[in-house]
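First comes the structure, then the notes that go with it.
The structure displayed is predicted, hence computed values, not measured ones.
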Amino acid sequence: MRSLRSRLLTTITGVAVLAVSLFAVPLALAVTRLYHDGAIESLEMEATWVASTFSSAAPVSLPTSLPRDLTVGVYTTDGRRLLGSGPARSPLGEGVEGGYLIATAPIPSDEMPGVVRVATSYDTVAGKTHIAWLVMAGLAVLVIGLAAAFARRQSARLAAPLENLTRSAQALGDGDFTIRAPRSNVREADQAGLALEATARRLGDVLDRERAFSANVSHQLRTQLTGMMLGLEAALARPDAALTDAVHTALGRGERLQTVIDDLVRLTRDNRTGSAPLDVPAVLDEVRECWQGPLAAQGRRLTVNVPDDLPPVSASTAAVRQILRVLLDNALAHGEGEVTVEAADLADGIAIEVADRGPGVPEGVDVFARRAADGHGIGLALARSLAEAEAGRLVLRRTVPPVFSLLLSPAARNGSPGPVP
């Protein structure tokens, strides 16, 4: 398959050759006719002048001041030569005869009726015609050469952006999301390049989020699984341990792990084209049921407050459940005293806050930064990414005692989330 560059070069050059040919061939014929008619006209003038020199008072002879390249003769009206040079007989008239271009003029004399015949070699006229043809051919070659140079430049200018886009697309396919298509001053190609760059950036952002999401998810699953295994190992290590209670505890943790897995699988398959309205009371009732026991085992109290007139919000139930699970797990592991989960109306959305009475967060520490070295911050990083995926925000509203706020957007009429306050 021929390249675009080659096809453009061939097409533009071919059009130039066709245009020059269509113009040059008629012009060459016209030039040939022009030289022929000009020579005939010149010969007619010479013949008329010679004929005018004859009169009844003058002797019958030809003028001596004639050009050397002319053959002049006087003929009778029936074509017989009387004097001068030329063939013995001639059909007279105008045209080409025996390699000569001829013209005639009648003698204006009653005493000497006849015709003056003037001829010149046709090679002289043909030579001038050929020189004109050579000049025209040179100009045609020059025009075609300029057209070919222009075609080469234009084909390169038009094909280069597409070649650059092809290389950029191949680089994108190889995993390079930092591609930058060179600008070509061809609007359509530049727009395609900008669109490809934007797509590469979006794909890179999505891939980064997916990688971070996968790492954070693996941490969450590993934490749940580790807790279940440690509980079983501790029960097996104590001869007097109540194995039935340990098994029930492990089953409870296994069920919670199954819920986490189901939620995360559902979130990874969700196309985020618009979440359904969130049933906030149901989600917080589930929080109360799930976390009241673990907190009570530490001698701590769980308080859940849900107003009756909360505005509707759009968010994935699985995402909100996992965000609250991370916050309550942090409160259980690092907090102290009573844990409060409360929903509040913000007029343009709602806030679900999780607070405890612990020492809080040290000054200057970014709790949402993922620090893989010590394992801290991974759960909160996952929670924040889930909140942002639902067009919400997760913030640390107060450091001591700690209060985390999950801000959710109101439900839009079209079913898609609105802006976050």
Side-chain angles (χ1 to χ4, degrees), residues 216 219-220 223-224 226-227 230 253 256 259-260 263 278 280-311 313 315 317 319-388 390 392-409 420-421:
N216 296 335
H219 170 78
Q220 288 297 101
T223 300
Q224 298 286 339
T226 300
L230 287 176
R253 289 177 176 175
R256 288 196 295 272
T259 301
V260 172
D263 286 345
L278 176 67
V280 178
V283 172
L284 296 188
D285 286 344
E286 185 178 331
V287 167
R288 180 187 293 109
E289 180 181 352
C290 182
W291 291 94
Q292 193 166 18
L295 286 170
Q298 293 185 358
R300 300 168 63 183
R301 180 181 176 186
L302 174 64
T303 301
V304 179
N305 297 321
V306 185
D308 295 332
D309 54 351
L310 285 176
V313 293
T317 301
V320 174
R321 183 190 294 122
Q322 290 306 313
I323 295 170
L324 295 178
R325 180 180 295 276
V326 170
L327 297 179
L328 287 162
D329 187 58
N330 278 354
L332 179 65
H334 307 292
E336 297 176 0
E338 180 184 8
V339 177
T340 302
V341 180
E342 184 174 7
D345 184 0
L346 299 180
D348 53 356
I350 69 168
I352 302 178
E353 295 189 336
V354 178
D356 63 69
R357 306 297 180 183
V361 180
E363 192 69 27
V365 175
D366 184 5
V367 295
F368 297 105
R370 186 177 185 274
R371 302 186 298 280
D374 56 6
H376 288 88
I378 297 180
L380 289 174
L382 172 62
R384 168 167 277 188
S385 66
L386 290 175
E388 292 173 350
E390 297 300 323
R393 284 191 297 171
L394 179 62
V395 298
L396 178 61
R397 188 172 67 80
R398 189 176 65 200
T399 57
V400 182
V403 178
F404 288 90
S405 292
L406 172 60
L407 307 176
L408 297 175
S409 306
V420 179

Please examine the side chains of [Y] and [X], heavy atoms only from C-beta on, and report whether any two atoms are closer than 4.5 Å.
{"X": "Leu327", "Y": "Leu394", "result": "yes"}
{"X": "Glu390", "Y": "Val320", "result": "no"}
{"X": "Asp309", "Y": "Asp345", "result": "no"}

Shortest non-hydrogen contact between [X] and [Y], atoms and distance:
{"X": "Gly349", "Y": "Pro311", "result": "O-CG, 3.9 Å"}
{"X": "Val400", "Y": "Pro359", "result": "CG2-O, 3.4 Å"}
{"X": "Arg321", "Y": "Glu286", "result": "NE-OE2, 2.7 Å"}
{"X": "Ala387", "Y": "Ile323", "result": "N-CD1, 3.6 Å"}
{"X": "Phe368", "Y": "Leu380", "result": "CD2-O, 3.7 Å"}
{"X": "Leu332", "Y": "Pro294", "result": "CD1-O, 3.9 Å"}

Looking at Arg397 and Phe404, would you say the former's side chain and the latter's main chain have a donor-acceptor pair under 3.5 Å?
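A pair under 3.5 Å: no.
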Give a yes or no answer on whether the side chain of Arg393 reaches the backbone of Leu407 with a donor-acceptor pair at less than 3.5 Å.
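Side chain of Arg393 to backbone of Leu407: no pair is present.
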More than 12 heavy atoms from other groups under 6.0 Å of CZ on Arg288
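More than 12 within 6.0 Å, yes.
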Looking at Thr303, Leu295, Val304, which hits side-chain contact (heavy atoms from CB on, under 4.5 Å) with Val339?
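Filter result, single survivor: Leu295.
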Going from [atom1] on [X] to [atom2] on [Y], what distance comes out if it is rounded to the nearest 0.5 angstrom?
{"X": "Asp329", "Y": "Leu324", "atom1": "CG", "atom2": "CG", "answer": "12.0 Å"}
{"X": "Leu328", "Y": "Leu302", "atom1": "CG", "atom2": "CG", "answer": "7.0 Å"}
{"X": "Arg325", "Y": "Leu386", "atom1": "CZ", "atom2": "CG", "answer": "12.5 Å"}
{"X": "Asp356", "Y": "His334", "atom1": "CG", "atom2": "NE2", "answer": "10.5 Å"}

For residues 398-408, which residue pairs qualify under side chain to side chain donor-acceptor pair (under 3.5 Å), counting only residues two or more places apart or in two chains?
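Listed once each, the pairs are Glu353-Ser405.
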